Trainee: 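I'd like to ask you about the structure that follows.
Heavy atoms only: backbone and side chains are in, while hydrogens, waters and symmetry mates are out. Chain letters run A, B, ... following the sequence lines, proteins first and then strands; every chain starts at 1. These figures come from a predicted structure and were not determined experimentally.
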Amino acid sequence: MIRFLYIFVIFLFYSVGVLVAAPIDQVYLSSEKAIQEIFPELVSVETRRFELSAEDKLFLSDLLNTPIRNTYYDILIPKNKKNAVLGYAVVLNELGKFYPITFMVGVGVDGKVAGTAVMVYREKIGADVRKKRFLNQFRSKSLESRLRPDVDVDCISGATVSSWTVTFGVKKALGIVHRFLGGGGGGAPSTPLRAQGPER
Amino acid sequence: MRYSFLMCGLAIATSLVTSVHAVAQGGQTGDRHIGGYFDTEWQSGTSSDSFIAHRFVLDVSSQVHSRILFNAEVEFEYGGDTSKSGEIKIEQAWMDYKINNAAILRTGIVVVPFGRVNVLHDSDVRELTDRSLYAKYIVPTTWSDTGIGVHGNLDLSDEAVLDYEIYVLNGLSGTPSATKGVRDMRPNFKTDNNKNKAIVGRLAYSPFLGLTGGTSMYTGKYDAEEKLGMSMLGFDVAWKSGPFYSVSEWAQVKADASGSAPTEMNGFYIEGGYTFFPDFFKNTFLDEDFSNPTFTVFGRYGQASLDTSSTAAVSNPKRTTVGVNYRPMATTVFKMEYQMNDAAENVVLGSVAVGF
């Protein structure tokens with residue numbers, strides 16, 4: 001009887017410990033972890049600065065129907081062990097309801113979204129936009145895809161603004177990568193071109 | 001025996017170490033924020049035609065620590081001048097202490113987690129201007145109370161999520177009404193009318209993004225002598241797929257008899273809509289500089305049965321509403337609807353709401 005009591009006490013303390021010590025969600029996902037999550041085969045990452053020309057800004061503002069104020073974006077280029085380019089990733093800081101949401105959008109060499117990862121979420125509510133069940137909606141979307149929140153993208157109740165923000169950011173990232181690769185106004189190139197812009 | 005002591009000690013030490021590690025994470029003080037929402041309405045019927053400065057709600061919050069959040073809402077209704085039908089009240093004021101995502105302790109004046117609309121009630125969030133009869137008489141939004149509880153969510157898989165909230169509160173007080181339901185039973189925030197504490201909670205399951213089903217429960221004594229109990233049971237379903245959405249809620253109230261007051265009542269509503277933006281509006285002022293403006297056409301039917309325990313003719317109002325809204329952005333909405341009431345005049349309603 002005493003033996004069973006000890007076993008029960010041991011089990012109880014372990015259970016409490018597991019419950020209390022369940023990991024507190026990591027509010028910050030580093031750039032390295034985010035790109036690894038999106039491109040799990042990567043072994044190295046090259047960074048290139050994409051300086052926006054007037055035409056680039058015009059393209060993006062037409063695409064997003066809103067003015068573009070950034071003058072450049074840093075493009076992360078993950079490569080595998082054979083030094084082949086796996087895709088392109090952009091880190092964005094887009095305003096949510098009150099604070100910026102920092103997230104990374106990865107675009108494959110086929111011009112389609114390879115993945116999205118929320119790195120920093122600052123709002124007091126709405127953190128469900130970090131979950132895969134929301135972000136997975138963007139996989140395989142391309143520049144030609146319609147990404148209308150609440151129409152083509154299911155937004156999260158109680159996180160409507162954050163949902164709209166991330167959706168807007170994915171569309172923006174597709175446009176940035178398209179222009180970075182030398183794409184014109186007629187949509188993404190059918191074959192990946194050499195990246196332009198100075199190496200950092 | 002010695003082995004058992006050793007294992008016991010090891011278990012205690014391990015749980016303490018992991019607990020301390022968990023507590024040690026975080027540690028950042030955060031931002032303070034002021035925001036809120038505002039709406040102005042217009043109502044026109046055979047007996048009235050009026051603009052209504054309905055709500056100005058100020059939201060104040062502070063992420064005091066990465067694990068501690070304070071949030072409060074102060075509502076000014078009808079201009080806030082209490083000598084001219086205005087109201088000023090605290091809608092919620094609470095502190096969250098986060099253990100982890102599955103367990104967050106909340107204390108203060110909380111929005112009672114019964115159903116969906118009582119929590120998601122902000123004017124800029126709702127598609128329609130007026131709340132349903134269910135939300136007026138059965139689950140009396142906005143229903144707030146003072147107490148303590150815990151809430152959280154668990155990711156059951158990459159797709160499925162379980163949300164829960166459960167609180168111990170002062171509870172409803174007063175008497176159920178055959179004309180107002182439980183609306184006038186919402187408590188004050190100073191003292192409980194009895195020593196009994198009410199328990200309220202909601203459990204919601206979402207198998208995938210776009211579908212959520214919830215069940216809510218309330219139980220407590222509502223009289224000063226603690227002799228009369230009241231219980232509530234509710235169900236809610238919200239579905240969304242592409243441009244279509246639907247949400248419905250049902251709740252039932254059962255109360256121990258107090259004079260001629262009703263002992264049973266229930267209410268429900270079902271609402272649906274479709275979101276779109278016609279191409280012929282592109283490159284107009286409706287679209288200019290807005291990244292994703294939308295229109296939503298909607299309809300809602302609801303009714304409240306305020307005394308199902310009586311065989312006499314009682315108030316069972318029914319309401320049908322149809323309309324459309326325009327959102328230039330997610331937190332700003334212009335609404336226009338036609339409301340058909342079987343127990344009151346039909347009215348045209350318009351409103352503007354903005355969250356900021």
Trainee: Do the side chains of A:T66 and B:E288 get nearer than 4.5 Å, heavy atoms only?
Mentor: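 In short, these two side chains do not touch, never coming nearer than 4.5 Å.
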
Trainee: Tell me, for B:S241 versus chain A, whether the close heavy atoms (under 4.5 Å) come from the side chain, the backbone, both or neither.
Mentor: backbone

Trainee: Is there a donor-acceptor pair under 3.5 Å between the side chain of B:N292 and the backbone N or O of A:R148?
Mentor: no

Trainee: For atom CD of B:E159, decide whether the heavy atoms of other residues, nucleotides or ligands shown that lie under 6.0 angstrom number more than 12.
Mentor: yes

Trainee: Of all of B:T294, B:D287, B:T212, B:L69, which one pairs up most often with chain A through heavy atoms under 4.5 Å apart?
Mentor: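 Between B:T294, B:D287, B:T212, B:L69, the count favours B:D287.
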
Trainee: Of the listed residues (B:D122, B:D96, B:V125, B:V161), which shares the most heavy-atom pairs with chain A below a 4.5 Å separation?
Mentor: B:V161

Trainee: Taking A:N136, A:D154, A:T167, A:T160 one by one, which has the highest count of heavy-atom pairs under 4.5 Å against chain B?
Mentor: A:D154

Trainee: Atom OG of B:S291 and atom CG of A:L147: how far apart are they, to the nearest 0.5 Å?
Mentor: 11.5 Å

Trainee: NE2 of B:H33 to NZ of A:K97: how many Å apart, nearest 0.5 Å?
Mentor: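 Rounded to the nearest 0.5 Å, the NE2-NZ separation comes out at 7.5 Å.
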
Trainee: Counting only heavy atoms not in A:K132, do more than 12 sit closer than 6.0 Å to its NZ atom?
Mentor: no

Trainee: For A:F168, which atoms come within 4.5 Å of any heavy atom of chain B: side chain, backbone, both, or neither?
Mentor: side chain

Trainee: Got more than 12 heavy atoms from elsewhere within 6.0 Å of OH, A:Y72?
Mentor: no

Trainee: Between B:Y274, B:F208, B:F244, who has the most heavy-atom pairs with chain A when the cutoff is under 4.5 Å?
Mentor: B:F208

Trainee: With a 6.0 Å cut-off (strictly less than), is the heavy-atom count around NZ of A:K57, excluding the residue itself, greater than 12?
Mentor: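 Counting neighbours around NZ of A:K57, more than 12 heavy atoms of other residues, nucleotides or ligands fall under 6.0 Å, so yes.
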
Trainee: If every non-hydrogen atom of B:L120 is compared with every non-hydrogen atom of A:S157, which pair is closest and at what distance?
Mentor: CD1-CB, 4.3 Å

Trainee: Taking NZ, NE, NH1 and NH2 as the nitrogens, is one of them in A:R133 or B:D158 under 4.0 Å from a carboxylate oxygen of the other?
Mentor: no

Trainee: Of the listed residues (B:F277, B:Y245, B:F356), which shares the most heavy-atom pairs with chain A below a 4.5 Å separation?
Mentor: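 Of the candidates given, the most pairs with chain A belong to B:F356.
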
Trainee: Quick check for you: to the nearest 0.5 Å, what is the distance between B:T331 atom OG1 and A:W164 atom CH2?
Mentor: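 Spacing of OG1 (B:T331) from CH2 (A:W164) equals 8.5 Å.
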
Trainee: Taking CG in B:L154 as the centre, count heavy atoms belonging to other residues, nucleotides or ligands within less than 6.0 Å. Is the count above 12?
Mentor: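 Yes - once you tally the heavy atoms of other residues, nucleotides and ligands closer than 6.0 Å, there are more than 12.
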
Trainee: At a 4.5 Å cut-off on heavy atoms, which part of B:N283 comes close to chain A: side chain, backbone, both, or neither?
Mentor: neither

Trainee: Rounded to the nearest 0.5 Å, what separation is found between the CG atom of A:L64 and the CG atom of B:D289?
Mentor: 12.0 Å

Trainee: When rounded to the nearest 0.5 angstrom, what distance separates CD in B:Q63 from CZ in A:R122?
Mentor: 12.0 Å

Trainee: I need the A:N65 CG to B:K282 NZ distance, nearest 0.5 Å.
Mentor: 8.0 Å

Trainee: Identify which part of B:D59 has an atom lying under 4.5 Å from any heavy atom of chain A, answering side chain, backbone, both or neither.
Mentor: side chain

Trainee: For the pair A:D150 and B:K240, find out whether any cationic side-chain nitrogen is under 4.0 Å from an anionic carboxylate oxygen.
Mentor: yes

